[in-house]
Amino acid sequence: MKIKSQRDFWSGLMFVVVGLSFAWASTNYSFGSSVKPGPGYFPFGLGLLLAILGGIVLFGALSIEREGGDRIGSIAWRPLVIIVASIALFGVALPRLGMIVTLPLLVILSSLAGDEFRWRDSLLNAVILTAGSWVIFIWGLKLVIPLWPTFLQIGG
Amino acid sequence: MDLLNNLAIGFGAALTLQNLLYAFGGCVLGTLIGVLPGLGPVATIAMLLPSIYSLDATPALIMLAGIYYGAQYGGSTTAILINVPGESSSVVTAIDGYQMARKGRAGAALAAAGLGSFFAGCVGTVIIAAFAPPLTELAFKFGAAEYFSLMVLGLIGAVVLASGSLVKAIAMIVLGLLLGQINTDVMSGTPRFSFDVPELSDGIGFVVIAMGVFGFGEIIANLGQPAEQREVFTKDVKGLWPTKQDFQEAWPSVLRGTALGSVLGVLPGGGALLASFASYTLEKKVVRNPRVPFGKGAIQGVAGPESANNAGAQTSFIPMLTLGIPPNAVMALMVGAMTIKGIQPGPQVMTGNPELFWGLIASMWVGNLMLVVLNLPMIGIWIKLLTVPYRFLFPAIVVFCCIGTYTLNNNNFDVYLTALFALVGYVFYKLSCEPAPLLLGFILGPMMEENLRRALLLSRGDWGTFVTRPLSAGLLIAAALLVIVVMLPSIRSKREEAFQEE
């Protein structure tokens with residue numbers, strides 16, 4: 001067995017695994033009957049359908065010849081890890097440190113994901129974006145977003 | 001005279017100062033993101049959804065609609081000037097438009113695109129106004145079984161016309177439907193697939209998926225590619241007005257593009273992208289001996305597709321407004337926006353909220369007018385924007401997306417979930433799985449399940465109800481035919497060819 005299309009092989013596998021897990025998980029819920037379908041009825045069917053479709057994709061990936069093997073290619077680890085980490089950092093920091101600290105952190109950290117990082121540029125960007133977000137979201141749209149760190153609010 | 005009456009209501013609503021301002025804001029934003037490559041209308045509308053909580057439904061939808069068709073105008077500017085399509089729907093514009101720009105005729109190309117789009121936008125608006133009421137009438141005859149079959153047809157149609165592998169696209173729909181199952185079951189009140197996480201029992205927000213996959217996923221993918229050398233023709237843009245000869249050559253293409261785009265926009269899966277591709281192919285077939293050959297700067301190759309994509313963008317509102325069924329990812333977000341504002345999308349919108357319905361339609365015409373003014377005389381401003389490097393741009397997108405997800409429910413759980421979907425989005429990108437069908441499936445999932453279960457309940461568990469009711473059977477047969485036709489070897493190779501033509 002030789003994989004003829006890497007992209008299709010992995011996506012097919014992904015569909016099969018996700019489909020079967022959904023189908024398996026839905027057996028925890030009442031299935032009902034077709035007269036009175038229960039909460040497990042629809043997801044069970046869909047999970048099986050996804051697994052079947054994934055099977056077809058897998059089969060195709062192993063049998064149909066493609067040019068160059070449809071390689072996945074190198075993975076952009078740096079932007080991937082940095083962007084995902086900066087979103088998570090934002091989630092952790094915003095309720096605790098407020099927008100005034102979190103946004104500059106977010107801007108500078110996410111800037112590191114690019115090829116050309118310059119301190120001057122990202123500091124400038126951080127100032128503009130923080131001020132801009134304050135104007136748009138807090139002053140303009142009146143959204144409830146913590147602005148200052150919580151430890152500063154305790155005293156005042 | 002009903003039509004005039006309705007349009008009067010619409011213009012009454014659209015021409016209030018507040019709504020004019022929001023239409024203008026939407027058009028400016030739309031042009032902006034259209035001009036900037038790497039930021040599409042899906043991600044932008046997703047980013048803005050949290051901010052519409054404080055708005056009324058009508059201005060909110062007017063603004064979001066403006067972003068969508070505004071992006072069609074802006075996208076062509078980038079395509080013509082730097083050969084990078086600002087929007088996927090202006091991919092074909094880049095072929096001839098960029099060549100025109102290289103020959104110093106950027107002005108004529110921009111004018112052909114802008115004026116063609118305006119004409120198409122006006123026609124598209126009239127078509128919506130004329131066809132929406134009869135379709136709404138039809139939709140009222142639909143029962144649960146028909147609705148289910150219609151959604152099947154809509155989803156299948158959406159992927160048949162999309163590019164890439166058909167089986168994978170259908171699998172992505174099903175995956176979307178499954179993600180939509182993570183919620184609390186409406187009929188029995190059982191939380192499903194929530195793993196005892198209380199936030200999950202309300203379901204995943206569609207904004208979270210849209211922003212994670214379309215916003216962040218694209219940023220990661222863009223950053224993973226080596227920076228490209230861009231050649232911007234900023235100094236060459238003068239002589240905006242096309243010559244008489246240009247006009248003569250362009251107007252038949254504009255008419256053809258408008259007609260084709262209007263038809264394709266209504267189809268499920270249609271809209272701007274498909275319309276522009278089809279129009280370019282048509283122009284190449286119809287115009288036998290162009291003065292300038294296609295691919296070398298033919299004005300027909302700009303005017304046709306640009307008219308078509310704008311017409312398609314307009315008419316793709318028809319299925320969304322009348323049936324509540326989104327034909328593409330942007331319309332799926334519009335459906336979501338309506339739900340946020342407490343409006344159940346579907347045929348009852350026209351009778352229940354006539355001001356919203358007709359106001360939105362009228363605002364499209366007003367918006368198109370604004371866009372011509374925004375894009376032609378003020379082209380210089382947008383060109384300046386093109387020189388903003390991506391390293392300034394993407395942190396801004398990150399910031400807006402993060403704030404957007406946080407303010408959805410004012411908790412950071414949604415932010416973490418978005419981070420997860422950013423990762424998922426990149427996986428999809430790497431595996432060439434298109435995310436748009438997933439979003440459609442996700443939005444339609446709960447509606448589909450409800451209609452399926454209701455239909456089964458009504459027919460006492462008989463699955464035959466979907467094929468014995470004539471209307472429902474017709475819709476399902478149409479869906480099956482679509483799949484079969486696309487699978488035919490001859491059409492299959494044509495379809496692949498059509499999407500590779502760049």
Side-chain angles (χ1 to χ4, degrees), chain A residues 7-8 10-11 14-15 18-19 22 25-26 29-30 33-39 41-43 46-47 49-50 53-54 56-57 60 72-73 75-76 78-80 83-84 86-88 90-92 94-95 103 106-107 110-111 113-117 121-122 125 129 133 137 141-145, chain B residues 50-51 53-54 165 167-168 170-171 174-175 177-178 181 185 187-188 190 192-193 216 219-221 223-227 389-392 394-396 398-403 406-407 410 412-413 415-416 418-420 422-423 426-427 430-433 448-449 452-453 456-457 460-463:
Chain A
R7 287 174 190 246
D8 281 6
W10 289 109
S11 42
M14 169 179 82
F15 293 140
V18 175
F22 263 104
S26 39
Y29 309 107
S30 126
S33 61
S34 61
V35 183
K36 200 174 181 309
Y41 194 85
F42 200 53
L46 281 176
L49 182 61
L50 184 63
L53 288 168
I56 298 174
V57 175
I72 291 177
I75 294 167
R78 185 186 157 100
L80 180 64
I83 295 287
V84 172
S86 40
I87 307 169
F90 175 85
V92 177
L94 186 71
L103 283 194
L106 175 69
V107 173
S110 62
S111 301
D115 287 333
E116 15 174 14
F117 175 79
D121 286 356
S122 29
N125 213 0
L129 286 174
S133 305
F137 295 104
L141 292 168
K142 310 242 180 320
L143 295 178
V144 186
I145 304 171
Chain B
S51 59
Y53 279 109
S54 53
S165 153
V167 187
K168 270 163 99 177
I170 297 180
V174 180
L175 188 56
L177 290 171
L178 275 172
Q181 295 291 311
D185 178 41
M187 297 197 179
S188 64
T190 324
R192 291 185 291 193
F193 309 111
F216 290 117
I219 291 179
I220 299 170
L223 288 175
Q225 284 163 350
Y390 197 59
R391 66 169 190 278
F392 282 107
F394 80 83
V398 171
V399 166
F400 288 127
C401 283
C402 280
I403 294 180
Y406 178 82
T407 48
N410 274 334
N412 43 8
F413 181 77
V415 180
Y416 299 139
T418 311
L420 179 69
L423 180 67
Y426 186 68
V427 171
K430 273 287 160 191
L431 297 178
S432 342
C433 295
M448 250 179 125
E449 187 192 13
L452 175 83
R453 283 163 78 172
L456 284 177
L457 219 77
R460 299 193 190 148
D462 179 15
W463 276 86

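All chains are named by letter (A, B, ...) in the order of the sequence lines, taking the proteins before the strands, and each is independently numbered beginning at 1. Keep in mind that the numbers below use all heavy atoms, side chains included, and drop hydrogens, waters and symmetry copies.
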- Message: Among A:Ser11, A:Ser122, A:Ala88, A:Ala76, which residue has the highest count of heavy-atom pairs closer than 4.5 Å to chain B?
- Response: A:Ser11
- Query: Which residues pass the side-chain hydrogen bond (donor to acceptor under 3.5 Å, both in side chains) test with B:Tyr416, sequence neighbours left out?
  - Reply: none
- Query: By side-chain hydrogen bond (donor to acceptor under 3.5 Å, both in side chains), which residues pair with A:Asp121, not counting sequence neighbours?
  - Reply: B:Arg391
- Could you tell me which of B:Thr418, B:Ile403, B:Leu452, B:Asp462 has the largest number of non-hydrogen atom pairs under 4.5 Å with chain A? B:Ile403
- Quick one: which of B:Ala422, B:Ala419, B:Ala396, B:Cys402 has the most heavy-atom pairs under 4.5 Å with chain A, could you say? B:Cys402
- Task: May I ask you to name which of B:Val415, B:Ile220, B:Val427, B:Ile170 has the most heavy-atom pairs under 4.5 Å with chain A?
- Result: B:Ile220
- Measure distances from B:Phe392 to the heavy atoms of chain A and classify the residue's part below 4.5 Å as side chain, backbone, both or neither. both
- Under a 4.5 Å cut-off applied to non-hydrogen side-chain atoms, are B:Asn412 and A:Val92 in contact? no
- When you look at A:Ile75 and B:Tyr426, which way does the side chain to side chain contact (heavy atoms under 4.5 Å, CB included) test go after all the steps? CA-CA 9 Å; A:Ile75 294 167; B:Tyr426 186 68; 3.8 Å; yes
- Atom group of A:Ser30 that falls short of 4.5 Å from chain B, counting heavy atoms: neither
- Working to the nearest 0.5 Å, report the span between CG of A:Leu80 and NZ of B:Lys430. 10.5 Å
- Query: At a heavy-atom separation under 4.5 Å, does A:Ile83 approach chain B through its side chain, its backbone, both, or neither?
  - Reply: side chain
- Message: Given heavy-atom pairs under 4.5 angstrom as the criterion, report whether the side chain, backbone, both or neither of A:Phe22 touches chain B.
- Response: both
- Message: If I measure from the heavy atoms of chain B, does A:Phe117 come under 4.5 Å with its side chain, its backbone, both, or neither?
- Response: neither
